[in-house]
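Just below is one structure, and these are the notes that go with it.
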Amino acid sequence: MNTIFGVPCMEGYIRMCSDGVRQGWHERNGGNLTYRMREKDVEQCRPYFRKTPGDWVKMDVQAENLKNEFFISTGSGKFLRNVDLEPQNSICIVEINNKGDSYRIVWGLEDGGKPTSEFPTHFMNHSIRKRVTNGENRVIYHAHTPYVIALTYVLPLKAEIFTRALWKSATECCVVFPNGVGVVPWMVPGGAEIAKATCELMEHYDAAIWAFHGLFVSGPDFDIAFGLMHTIEKAAEICALALAANGGKRPRQTITDDNLRAIGKAFGVTLNEQVMNYGDDGDPLYC
Ligand code: 2HA
Ligand code: ZN
């Protein structure tokens, strides 16, 4: 580890940005990623911190359970495709103060800048995911996933309908996200309203679709968070292709509710009952 880029959390973070770019999810400055660092990560990165940290910046949000935490964050307006080429100018490490209401940059963004415009949204969602997963969840990831976005123009913007459509688009989906996905109606990005709406969903879900915008997921590590984004987007792609290939009509056959229950049983996962009980009303893959 001769540089900060050899530190495992940095390597994992940078690789995940590149993986998202390769999938075509990060046009221009689209998307953002934050990681709540472990103590070990902070100690490994500390030798590379700035001699003088940035000034404290007060946020409009506050979280008791994130006092004194450190996060890696993409920079506002930065392009994810530049992260592996120039990490020191594209991402940063921020420290949260002992009130849980301000951050300061301790590493990165050497040419200037600040954390992602969605940082307050990520921050509040980290607080919720940390609480509801007993500290397990550390990653929040937002991407502009084209097929998920396309489906928000076509399906009713309802969690149960999206979840059923995605579960029925590929056999292992219900194992990967047995709780389903939430749906946020269209809102201005980066604002308090979308932060609040997403937070309400993240109490119950680890993924939320933002209508006409993209997808927002949480996970314990980079592999699981990326895998969740990838699985949901791939299911959305299959759903869109199946509907389009059939002229927009419901397809000839599908994964049935009984099939879903059998998968749940075989893999030992409990599927969200509210989604199972919703029925086929408005379900695009019901036939
Ligand atoms: O970081 O994707 O939603 C740019 C965005 C805002
Ligand atoms: Zn976005």
Side-chain angles (χ1 to χ4, degrees), residues 13-36 57 59-61 71-94 103 105 108-109 111-129 139-153 157 162 181-202 205-219 222 225-226 228-233 236-237:
Y13 184 99
I14 294 168
R15 178 172 167 232
M16 179 151 160
C17 292
S18 303
D19 285 345
V21 169
R22 264 195 295 278
Q23 293 296 329
W25 299 340
H26 299 296
E27 78 289 346
R28 216 173 172 280
N29 62 319
N32 30 68
L33 173 65
T34 54
Y35 169 69
R36 184 169 58 82
V57 178
M59 300 181 285
D60 287 338
V61 293
F71 291 89
I72 311 178
S73 173
T74 38
S76 178
K78 301 297 180 185
F79 293 18
L80 264 73
R81 65 186 281 269
N82 292 334
V83 168
D84 69 340
L85 279 179
E86 283 193 83
Q88 71 280 6
N89 291 321
S90 307
I91 63 176
C92 60
I93 297 177
V94 298
Y103 71 79
I105 297 175
L109 292 177
D111 285 347
K114 52 186 183 148
T116 167
S117 59
E118 302 285 4
F119 193 75
T121 304
H122 281 237
F123 185 76
M124 290 315 293
N125 280 282
H126 272 291
S127 172
I128 286 164
R129 296 306 298 172
V139 180
I140 300 259
Y141 181 36
H142 164 57
H144 295 174
T145 43
Y147 287 94
V148 165
I149 299 170
L151 286 184
T152 64
Y153 290 86
L157 297 175
F162 265 86
V181 295
V183 180
V184 179
W186 183 84
M187 287 182 187
V188 176
E193 204 190 351
I194 199 166
K196 190 165 166 280
T198 310
C199 282
E200 282 165 15
L201 293 175
M202 286 304 209
Y205 302 103
D206 51 14
I209 290 168
W210 287 355
F212 322 134
H213 183 158
L215 185 55
F216 191 92
V217 304
S218 166
F222 298 124
F226 187 85
L228 180 59
M229 182 75 76
H230 201 180
T231 306
I232 293 173
E233 170 61 1
E237 179 175 359

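We count ligands from 1, going down the list as the structure has it; atoms in each ligand are counted the same way.
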Among protein heavy atoms, which lies nearest [atom], and at what distance?
atom: atom 5 (C) of ligand 1; answer: Asn32 ND2, 3.6 Å
atom: atom 6 (C) of ligand 1; answer: Glu118 OE2, 3.2 Å
atom: atom 4 (C) of ligand 1; answer: Asn29 O, 3.2 Å

For Pro185, enumerate each residue passing the side chain to side chain contact (heavy atoms under 4.5 Å, CB included) test, keeping only those at least two apart in sequence or located in another chain.
Met187
Take Phe123 and Tyr103, measure what ring pair (Phe, Tyr, Trp, His ring centres under 6.0 Å) needs, and give me the verdict at the end.
CA-CA 10 Å; Phe123 185 76; Tyr103 71 79; 9.0 Å; no
Phe212 vs Tyr153, test: ring pair (Phe, Tyr, Trp, His ring centres under 6.0 Å). Steps then yes/no.
CA-CA 7 Å; Phe212 322 134; Tyr153 290 86; 4.7 Å; yes
Proximal atoms of ligand 1 relative to [X] (non-hydrogen, under 4.0 Å):
X: His213; answer: 3 (O)
X: His142; answer: 2 (O), 3 (O)
X: Gly31; answer: 1 (O), 2 (O), 4 (C), 5 (C)

Please enumerate all residues that pass side-chain hydrogen bond (donor to acceptor under 3.5 Å, both in side chains) together with Ser90, with sequence neighbours excluded.
none
I'd like to check the side-chain hydrogen bond (donor to acceptor under 3.5 Å, both in side chains) partners of Arg22; sequence neighbours left out, ordered by chain and number.
Asp19
Taking 2.8 Å as the upper limit, name the protein N, O or S atoms near the Zn ion (ligand 2).
His142 NE2, His144 NE2, His213 NE2
Is it the case that the side chains of Trp210 and Thr152 hold a donor-acceptor pair, with the cut-off being a distance below 3.5 Å and no angle test?
no
Are any of the N or O atoms of Pro189 closer than 3.5 Å to those of ligand 1?
no
Would you say His144 has any N or O atom under 3.5 Å from an N or O of ligand 1, going by distance alone?
yes
When the ring centroid of [X] is compared with that of [Y], is the distance short of 6.0 Å?
X: His142; Y: His213; value: yes
X: Trp25; Y: Phe226; value: yes
X: Phe216; Y: His122; value: yes
X: Phe222; Y: Tyr141; value: no

Tell me whether Gly190 reaches ligand 1 (any heavy atom closer than 4.0 angstrom to a ligand atom).
no
